[in-house]
There are 2 protein chains.
Amino acid sequence: MATERKAVGPCAMWPEDSAFIREVLDRIGDKWTVLVLSTLGERTLRYSDLMASIPGVSQRMLTVTLKALERDGLVERRAYAEVPPRVEYRVTPLGRSLQQAVLQLSQWAVENHATVAANRALHERIGVGRAGSRAETSASVG
Amino acid sequence: MATERKAVGPCAMWPEDSAFIREVLDRIGDKWTVLVLSTLGERTLRYSDLMASIPGVSQRMLTVTLKALERDGLVERRAYAEVPPRVEYRVTPLGRSLQQAVLQLSQWAVENHATVAANRALHERIGVGRAGSRAETSASVG
DNA sequence: CAGGATCCACATAGATACTG
DNA sequence: CAGTATCTATGTGGATCCTG
């Protein structure tokens with residue numbers, strides 16, 4: 001391992017934790033989980049509040065997302081036996097730690113989305129495969 | 001952060017950057033992007049190396065993922081006009097910054113996957129809806 | 001008010017076969 | 001070797017209707 005970096009092992013960043021990160025991405029990679037988490041923030045909101053605060057979400061998707069979050073202990077659901085019913089949701093400490101982790105990604109997004117967009121535009125203009133003399137490489141900004 | 005805030009606005013963590021984070025999650029939330037990124041690490045690998053290093057990936061999925069990564073300037077593709085053909089891939093500086101951001105999530109995954117699994121098991125054992133006296137709340141470890 | 005149930009549409013992924 | 005093309009399967013999300 002000392003000389004050159006070949007070896008073609010499974011990973012360079014993590015040894016075998018790839019499965020864990022896949023699980024997390026499967027959980028938060030869906031359309032609404034992060035949005036619900038961020039909308040909740042540190043507040044306590046009702047189901048109808050979330051519906052109103054998250055544009056485009058359907059009842060089904062909000063319910064599904066909340067149940068998944070609750071199941072994993074990321075969000076706490078508190079139902080009051082009143083009439084009309086009242087159900088409040090808030091992010092648990094565990095969920096808040098996830099919010100923090102996601103925040104890194106969010107910061108990357110804010111900082112680099114313009115660059116990504118520029119690269120995408122470049123590739124559309126150039127076309128993906130222009131041959132050069134011997135080795136062909138696509139241009140990119142960044 | 002000083003007093004209290006309700007207001008039920010769009011977000012508590014980010015004001016209107018939710019769209020950016022959604023875009024990033026759409027990009028890396030798929031099945032192979034992060035795996036390719038992590039497999040590449042800081043190395044330069046050929047297509048066949050990646051195929052061999054990423055268990056379960058199909059040619060199509062690897063190609064699709066690599067083209068998307070290249071398009072966004074996260075991975076650089078270098079093709080040599082030789083016979084037999086040789087194509088090498090490496091993560092760009094921009095891509096490496098994304099790797100760093102993803103690493104936060106990876107660390108969260110490693111640290112908390114057991115807790116999440118425990119919560120999940122709890123909910124299966126308890127069942128999701130046991131009513132208490134007045135307010136019903138699900139148990140969770142965290 | 002806060003969901004549960006059902007049906008449907010679409011995007012994504014996988015298998016397979018073929019090619020420059 | 002390094003892809004492309006095509007087809008199919010499955011999961012994910014959305015709309016709608018119904019209920020405690």
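Chain identifiers are assigned alphabetically (A, B, ...) following the order of the sequence lines, protein sequences preceding nucleic acid strands; residue numbering begins at 1 within each chain. Only heavy atoms go into these numbers, but all of them, side chains included; no hydrogens, no water, no symmetry mates. Being a predicted model, the structure only gives us computed values, none of them experimental.
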A.B. asks: To the nearest Å, give me how far apart CD (Glu88(A)) and P (dA2(C)) are.
C.D. replies: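 Rounding to the nearest Å, CD of Glu88(A) and P of dA2(C) are 9 Å apart.
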A.B. asks: In terms of side-chain heavy atoms of Gln59(B), which of dG3(D), dC1(C), dG4(C) is nearest?
C.D. replies: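 Side chain of Gln59(B) sits closest to dG3(D).
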A.B. asks: Salt bridge or not for Glu76(A) and Arg90(A), using N-O below 4.0 Å?
C.D. replies: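 The answer is yes: the pair qualifies as a salt bridge.
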A.B. asks: In whole angstrom, give the distance that lies between atom CD1 of Ile28(B) and atom C1' of dT12(C).
C.D. replies: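 In whole Å, dT12(C) C1' and Ile28(B) CD1 are 17 Å from each other.
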A.B. asks: Do Thr33(B) and Asp30(B) pass the side-chain hydrogen bond (donor to acceptor under 3.5 Å, both in side chains) test, and can you show the C-alpha distance, the side-chain angles, and the key distance before you say yes or no?
C.D. replies: CA-CA 6 Å; Thr33(B) 295; Asp30(B) 66 6; 2.7 Å; yes
A.B. asks: Could you work out which one of dG3(D), dA13(C), dG3(C) sits closest to the side chain of Tyr47(B)?
C.D. replies: dG3(D)
A.B. asks: Do any side-chain nitrogens or oxygens of Lys31(B) fall under 4.0 Å of OP1 or OP2 in dG11(D)?
C.D. replies: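 Checking dG11(D) against Lys31(B), no side-chain N or O comes under 4.0 Å of OP1 or OP2.
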A.B. asks: Roughly, in whole Å, what's the span from CG in Leu50(A) to C1' in dA2(C)?
C.D. replies: 12 Å
A.B. asks: Arg22(A) CZ to dA13(C) C1': how many Å, rounded?
C.D. replies: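 Those two atoms, CZ and C1', are 12 Å apart.
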A.B. asks: Is the Tyr89(B) ring parallel, tilted or perpendicular to the Tyr47(B) ring (thresholds 30°, 60°)?
C.D. replies: tilted
A.B. asks: I want to check one thing: is the phosphate of dC1(C), taken as OP1 and OP2, less than 4.0 Å away from some side-chain N or O of Tyr89(A)?
C.D. replies: no
A.B. asks: Taking only side-chain N and O atoms of Trp32(A), does any of them lie within less than 4.0 angstrom of OP1 or OP2 on dT12(D)?
C.D. replies: no
A.B. asks: Could you state the atom-to-atom distance from CG of Leu25(B) to C1' of dG13(D) in whole Å?
C.D. replies: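 For the pair Leu25(B) CG and dG13(D) C1', the rounded distance is 16 Å.
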A.B. asks: Which comes earlier along DNA chain D counting from the 5' end, the contact point of Pro85(A) or that of Gly29(A), where each point is its nearest nucleotide?
C.D. replies: Gly29(A)
A.B. asks: Could you tell me the separation between the CD1 atom of Ile54(A) and the P atom of dA2(C), rounded to a whole number of Å?
C.D. replies: 13 Å
A.B. asks: Scan Arg60(B) against the nucleic acid and name what it touches under 4.0 Å (heavy atoms): base, sugar-phosphate only, or nothing.
C.D. replies: base
